[in-house]
Amino acid sequence: MPLAAHESTDLETLFEGFTPRRWPVIAESNQGTIVRVQTGDIDLAVKTPRGHGIAWHARRFSLRREYRAYRRIEGLEGFPRCLGLFGGCHLAIEYVDGALLRHARPADPERFFDQLRQTIKAMHERGVAHGDLKSRQNVLVASDGRPVIIDLGTALVRKPGWHPFNHWLFDYLRQIDLNGWVKLKYGSYDRVDELDRHLVRRSRIERINNWARRRGL
């Protein structure tokens, strides 16, 4: 999508009178509804909170937090570009043509997962942890074959300065991301190649959850 012409455009003006229900729904997330907005040379996925009252405000807060994560990783390969927030609650993100990893198999899996690993590393170096990369719904196989990480609704931005709990949580989620990459690539921790085994450090919570799933609890 040619976004360059709109990078300096005031989103409030561009989307004045925006009504989500006028556009086709392409997905639902914990934060709300995602609609596809196509007009002129613009092709966007726009997230908008759903519900009423406290639930609506909580989802709006989550979208604002996601926007902060996109701002921190701005310019990185492997993520859709984010135009910003408008109307106080709508998050405008570049629409990427492709298929969810849960529905598609990369043509060159080794290259795909190597690129995905580098993207995750670059994200962490910018101080952002995704937190939900085990889900194949959060990674796209783009039409050109490259991996694209989507849905930063659970992402955490590492704060500068003295914020011990935030830094501990960032480190925890960063490891969850690495575990998630391994799970995406191999399908199971039991099949991990020796070259990648050092990346896996499962938390006590993960081990308990896995134990419970295996026993049908």
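Closest of all the heavy-atom pairs between Pro106 and Val141 is CG-CG2, 4.3 Å. Nearest heavy-atom pair across Phe170 and Ala129 is CE1-N, 3.6 Å. Residues Leu173 and Gly131 approach most closely at CD2-CA, 4.1 Å, considering heavy atoms. The minimum heavy-atom distance between Ala69 and Val157, with the atom names listed, is CA-CG2, 3.6 Å. Annotation for Pro147 and Gln115: closest pair CD-OE1, 3.2 Å, computed over non-hydrogen atoms.
Under the 4.5 Å side-chain criterion, counting only non-hydrogen atoms from C-beta, Pro49 is in contact with Leu63. Arg68 is listed as a side-chain neighbour of Arg65, based on a closest heavy-atom distance under 4.5 Å. At a threshold of 4.5 Å between non-hydrogen side-chain atoms, the residues Leu83 and Leu44 count as touching. At least one side-chain heavy atom of Leu133 sits less than 4.5 Å from a side-chain heavy atom of Ile149. The closest side-chain heavy-atom distance from Val182 to Leu178 is not below 4.5 Å. Counting heavy atoms from C-beta outward, Leu101 and Leu184 have side chains that approach closer than 4.5 Å. Residues Asp151 and Gln137 have side chains not in contact (no heavy-atom distance under 4.5 Å, counting atoms from C-beta outward). Proximity of Ile26 to Tyr95: side-chain heavy atoms (C-beta onward) are separated by under 4.5 Å at one or more points.
Take His167 and apply the side chain to side chain contact (heavy atoms under 4.5 Å, CB included) test, not counting sequence neighbours, and it matches Arg158, His163. In this structure Asn30 satisfies the side chain to side chain donor-acceptor pair (under 3.5 Å) test with no other residue, sequence neighbours excluded. Residues that satisfy the side chain to side chain contact (heavy atoms under 4.5 Å, CB included) test with Arg50, not counting sequence neighbours, are Glu28, Thr33, Arg59. Legend: residues meeting side chain to side chain contact (heavy atoms under 4.5 Å, CB included) with Arg22, ordered by chain and number and at least two apart, are Thr19. Partners of Arg36 under the salt bridge (Lys or Arg N to Asp or Glu O under 4.0 Å) rule, at least two apart in sequence or in another chain, are Asp43. By the side chain to side chain contact (heavy atoms under 4.5 Å, CB included) test, Glu77 pairs with no residue at all, sequence neighbours left out. In this view, Arg197 and Glu194 satisfy the salt bridge (Lys or Arg N to Asp or Glu O under 4.0 Å) rule, not counting sequence neighbours. Under the rule for a side chain to side chain donor-acceptor pair (under 3.5 Å), the partners of Gln31 that lie at least two apart in sequence or sit in another chain are Lys47, Ser62, Glu66. Residues passing the salt bridge (Lys or Arg N to Asp or Glu O under 4.0 Å) test with Arg136: none are found, sequence neighbours excluded.
With hydrophobic clusters built from ILVMFWY side chains whose heavy atoms lie under 4.5 angstrom apart, Leu91 does not share a cluster with Phe61. Hydrophobic clustering (side-chain heavy atoms under 4.5 Å, transitive across Ile, Leu, Val, Met, Phe, Trp, Tyr) groups Phe113 together with Tyr189. Cluster membership check: Phe165 shares its hydrophobic cluster with Tyr172, using side-chain heavy-atom separations under 4.5 Å among Ile, Leu, Val, Met, Phe, Trp and Tyr. Connection of Leu195 to Val200 is not established within any shared hydrophobic cluster, with ILVMFWY side chains joined at heavy-atom distances below 4.5 Å, either directly or through further cluster members.
In this structure, CD on Glu74 lies 8.5 Å from SG on Cys82, to the nearest 0.5 angstrom. Rounding to the nearest 0.5 Å gives a distance of 10.5 Å between CZ of Arg201 and CD1 of Ile176. In this structure, CD on Gln118 lies 12.5 Å from CE on Met123, to the nearest 0.5 angstrom. Note that the OH atom of Tyr70 and the CD atom of Glu94 stand 10.0 Å from one another [nearest 0.5 Å]. In this structure, Leu169 CG and Lys159 NZ are separated by 10.5 Å, a value rounded to the nearest 0.5 Å.
When hydrophobic residues (I, L, V, M, F, W, Y) are linked wherever their side-chain heavy atoms come within less than 4.5 Å, the members clustered with Val148 are Val96, Leu100, Leu140, Ile150.
Arg72 places a side-chain N or O within 3.5 Å of a backbone atom of Arg126 that can act as its donor or acceptor partner.
Evaluation of the salt bridge (Lys or Arg N to Asp or Glu O under 4.0 Å) test over residues 100-121, restricted to residues two or more places apart or in two chains, returns Glu110-Lys185. Applying the ring pair (Phe, Tyr, Trp, His ring centres under 6.0 Å) test to residues at least two apart or on different chains, the pairs with a partner in residues 71-91 are Phe15-Phe86, Phe18-Phe86, Phe18-His90, Phe86-His90.
No hydrogens or angles considered: nothing links the side chains of Asp171 and Gln175 as a donor-acceptor pair under 3.5 Å. Side-chain contact, His124 with Asp177: a donor N or O sits under 3.5 Å from an acceptor N or O.
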(message) Please determine whether side-chain contact (heavy atoms from CB on, under 4.5 Å) holds for the pair Ile73 and Leu152, giving the CA-CA distance in whole Å, both sets of side-chain angles, and the decisive distance to 0.1 Å.
(response) CA-CA 11 Å; Ile73 62 172; Leu152 273 66; 3.7 Å; yes
